[in-house]
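Report on the following structure.
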Amino acid sequence: MKNFEKLGFYPADILLPKDADMEKWAVVACDQFTSQPEYWEAVEQNVGDAPSTLRLILPEAKLNDPNVDEHIADINAAMKRYLDQGVFQTLPDSLLYVERRQSDGKIRHGLIGMVDLDQYDFTPGSGALIRATEGTVLSRIPPRVRVRQDAPIELPHVMLLIDDPKGSVIEPLTAESAKIEKLYDFDLQQGGGHLTGWQLTAEQIDGVADALAALCTPQAMEEKYGLRDAQPLLFAVGDGNHSLATAKACYENLKKVTPESEWKNLPARYALVEVVNNHDDALQFEPIHRVVFGADPETFMAEFRKAYPNVYEGKGEGHTIEVCWEGHDGFLTVPDPRMQLAVGTLQSFLDEYLKQHGGEVDYIHGDEVTRELGSKPGNMGFLLPAMGKEQLFKTVMADGVLPRKTFSMGHAQDKRYYVEARKIQ
């Protein structure tokens with residue numbers, strides 16, 4: 001697949017179940033509903049003894065269980081059993097086009113293939129083709145490595161974003177889906193919507209490679225970001241950042257015990273992902289607000305003015321943040337900000353302020369909840385503007401990564417469900 005080599009993305013030998021009840025087979029990403037054990041109990045009851053990806057993943061709610069090693073051994077045994085019993089069929093050298101109907105009725109369009117982990121780097125400021133959008137918490141990787149390191153197969157919930165405002169890569173496949181082979185078409189359990197998948201033809205695969213290559217030319221970088229000489233950023237991690245970082249860590253560990261001439265042929269060098277256009281109408285970026293507990297508004301505001309001497313009250317040009325505390329709800333504007341996003345302006349100050357003055361910060365979804373919590377005695381709430389989709393790639397290229405908890409992408413039940421798998425040993 002020569003035309004994919006410079007893209008860090010390839011067709012893959014994709015495993016799909018042969019005869020499974022697909023509604024029982026597919027379960028939501030393991031990092032969802034972590035504080036709602038009843039969700040996972042309902043999945044358990046629905047699946048019963050049927051073949052299911054539930055047997056092949058570790059819900060993160062169980063990651064700190066005292067018997068987590070038993071869970072992991074059971075998962076690896078189930079993977080081996082499914083392979084040995086012929087549960088899977090293999091689609092060699094394939095890309096899949098998928099349509100996901102979300103809980104709001106909108107259709108999200110995706111492309112499933114594999115990325116080269118040598119082309120991915122989660123270090124802030126990296127010039128790799130595939131980059132993390134948010135800071136990677138290194139302490140979260142080792143427990144996940146234990147789940148992956150002996151696993152014979154992987155199941156992805158990683159979603160990578162491409163910045164394709166003209167809709168040149170995935171959108172042409174939508175019009176052609178009626179002419180290509182449909183692989184599955186079913187309702188997802190627990191209110192997850194609906195999923196349909198098709199296998200691309202050789203001609204469509206070539207078209208995808210050409211369209212992806214056009215996204216990272218110097219002309220494209222100039223047109224989109226005004227940065228002709230910047231290292232091209234083709235894929236930004238939208239979901240599953242720590243999952244992809246775990247795959248990278250496992251591959252780096254294998255490199256230490258494998259001759260360099262064999263690295264290219266290690267199945268673990270690659271990771272299965274779904275690629276989605278950043279500009280897909282179904283993709284909603286929702287801001288994540290902040291509430292500080294144990295704050296004195298007077299002290300806070302005095303320190304904020306020291307940090308940003310030209311800040312003023314009210315809305316204006318620059319970064320505008322709504323701030324509320326007991327008896328107060330107004331706006332602050334920081335003109336000529338150094339950071340790309342308002343969340344960066346606030347978070348860099350908050351980190352320093354909490355170090356000096358103590359207090360706790362929580363990350364909140366929803367405007368009303370933030371105002372309600374922020375208005376209680378001893379609290380302050382900060383409501384941030386939503387990030388425009390056109391800002392995502394530009395911010396990662398300019399600032400290295402987004403501040404943590406910048407945005408959320410959709411509701412828990414709309415996250416990726418596990419369906420496809422791939423051998424990594």
Side-chain angles (χ1 to χ4, degrees), residues 7 9 26 28-29 32 95-113 115 129-134 156-178 180 182 184-185 188 192-198 200 204-205 207-216 220 223-225 233-241 244 272-288 365 386-397 402 406-420:
L7 304 172
F9 177 77
V28 80
Q32 300 304 307
L95 293 179
L96 307 191
Y97 166 65
V98 294
E99 290 183 359
R100 168 71 178 275
R101 192 178 71 236
Q102 300 179 157
S103 55
D104 60 5
K106 290 184 174 176
I107 305 287
R108 187 174 77 221
H109 311 81
L111 182 70
I112 294 168
V115 287
L129 267 178
I130 308 162
R131 300 179 211 171
T133 48
E134 292 195 351
H157 71 260
V158 176
M159 195 186 286
L160 297 185
L161 301 176
I162 50 173
D163 191 9
D164 184 16
K166 294 175 183 167
S168 61
V169 179
I170 299 171
E171 286 73 6
L173 303 170
T174 308
E176 295 169 14
S177 61
I180 54 176
K182 189 185 284 186
Y184 51 73
D185 189 357
L188 294 159
H194 190 91
L195 189 66
T196 315
W198 294 263
L200 269 61
Q204 287 171 320
I205 288 174
V208 164
D210 293 343
L212 283 172
L215 288 185
C216 50
E223 193 181 313
K224 287 192 283 191
Y225 317 117
L233 166 59
L234 182 54
F235 299 105
V237 183
D239 248 345
N241 185 39
L244 198 60
L272 208 55
V273 299
E274 178 176 349
V275 175
V276 174
N277 185 2
N278 191 28
H279 300 273
D280 193 307
D281 287 341
L283 217 55
Q284 297 298 318
F285 285 6
E286 294 172 6
I288 302 176
H365 298 260
M387 177 180 69
K389 289 182 174 185
E390 70 291 341
Q391 292 176 285
L392 174 65
F393 278 65
K394 195 168 186 177
T395 302
V396 172
M397 292 172 84
L402 302 176
T406 294
F407 69 97
S408 73
M409 237 169 43
H411 303 293
Q413 70 268 33
D414 293 326
K415 297 293 183 184
R416 204 170 187 288
Y417 273 55
Y418 300 107
V419 178
E420 302 78 13

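Below, each value reflects all heavy atoms present in this structure, side chains not excepted, and no hydrogens, waters or symmetry copies. Note that the structure is predicted; figures quoted are calculated from it, not measured.
Pro172 approaches Gly167 most closely through the heavy-atom pair CD-O, 3.6 Å. Heavy-atom minimum distance, Ala282 versus Gln102: O-NE2, 3.2 Å. Here the closest non-hydrogen pair linking Leu200 and Leu96 is CD1-C, 3.9 Å. Of all non-hydrogen atoms in Val419 and Ala26, the two that sit nearest each other are CG2-CB, 3.8 Å. When all heavy atoms are compared, the tightest approach of Leu212 to Leu234 is O-CD1, 3.8 Å. Contact record, Ser168 with Leu215: OG-CD2, 4.2 Å, taken as the closest heavy-atom pair.
Atom OG1 of Thr133 sits about 10.0 Å away from atom CG of Leu160, to the nearest 0.5 Å. Here Leu233 contributes atom CG and Met397 contributes atom CE; the two are 6.0 Å apart, rounded to the nearest 0.5 Å. For the atom pair CZ (Phe393) and CD1 (Ile162), the distance works out to 7.5 Å, reported to the nearest 0.5 Å. Asp281 CG to Arg108 CZ: the interatomic distance, rounded to the nearest 0.5 Å, is 13.5 Å. Distance check, rounded to the nearest 0.5 Å: CG of Leu283 to CG of Leu392 gives 9.5 Å. From Ser177, atom OG reaches atom CD of Glu99 across 5.5 Å, with rounding to the nearest 0.5 Å.
Counting heavy atoms from C-beta outward, Val115 and Leu244 have side chains that approach closer than 4.5 Å. For the pair Phe285/Met409, a side-chain contact is recorded, criterion being any heavy-atom separation below 4.5 Å from C-beta on. The shortest side-chain heavy-atom distance between Ile112 and Leu272 falls under the 4.5 Å cut-off. For the pair Leu402 and Phe407, the minimum side-chain heavy-atom distance is below 4.5 Å.
Under 3.5 Å, the side chains of Glu134 and Asn241 contain no donor-acceptor pair of N or O atoms.
Of the possible donor and acceptor atoms, one in the side chain of Asn277 sits under 3.5 Å from a partner among the backbone N and O of Asp164. Between the side chain of Asp414 and the backbone N or O of Ser103 there is at least one donor-acceptor pair closer than 3.5 Å. Between the side chain of Glu274 and the main chain of Arg416, no donor-acceptor pair closer than 3.5 Å is present.
Between Phe9 and Phe235, the ring-plane angle classifies as tilted under the 30° and 60° cut-offs.
None of Glu390, His279, Lys389, Glu223 except one satisfies the side chain to side chain contact (heavy atoms under 4.5 Å, CB included) rule with Pro165; the exception is His279. Tested against Tyr417 for a side chain to side chain contact (heavy atoms under 4.5 Å, CB included), the candidates Arg100, Gln32, His157 yield a single pass: Arg100.
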Handout entry: Step-by-step salt bridge (Lys or Arg N to Asp or Glu O under 4.0 Å) determination, Asp239 to Lys415
Key = CA-CA 8 Å; Asp239 248 345; Lys415 297 293 183 184; 3.2 Å; yes
Exercise for the section: In sequence, state the C-alpha distance, the side-chain angles, and the governing distance for His411 and Glu286, and then conclude on side chain to side chain contact (heavy atoms under 4.5 Å, CB included). Expected result: CA-CA 10 Å; His411 303 293; Glu286 294 172 6; 4.2 Å; yes
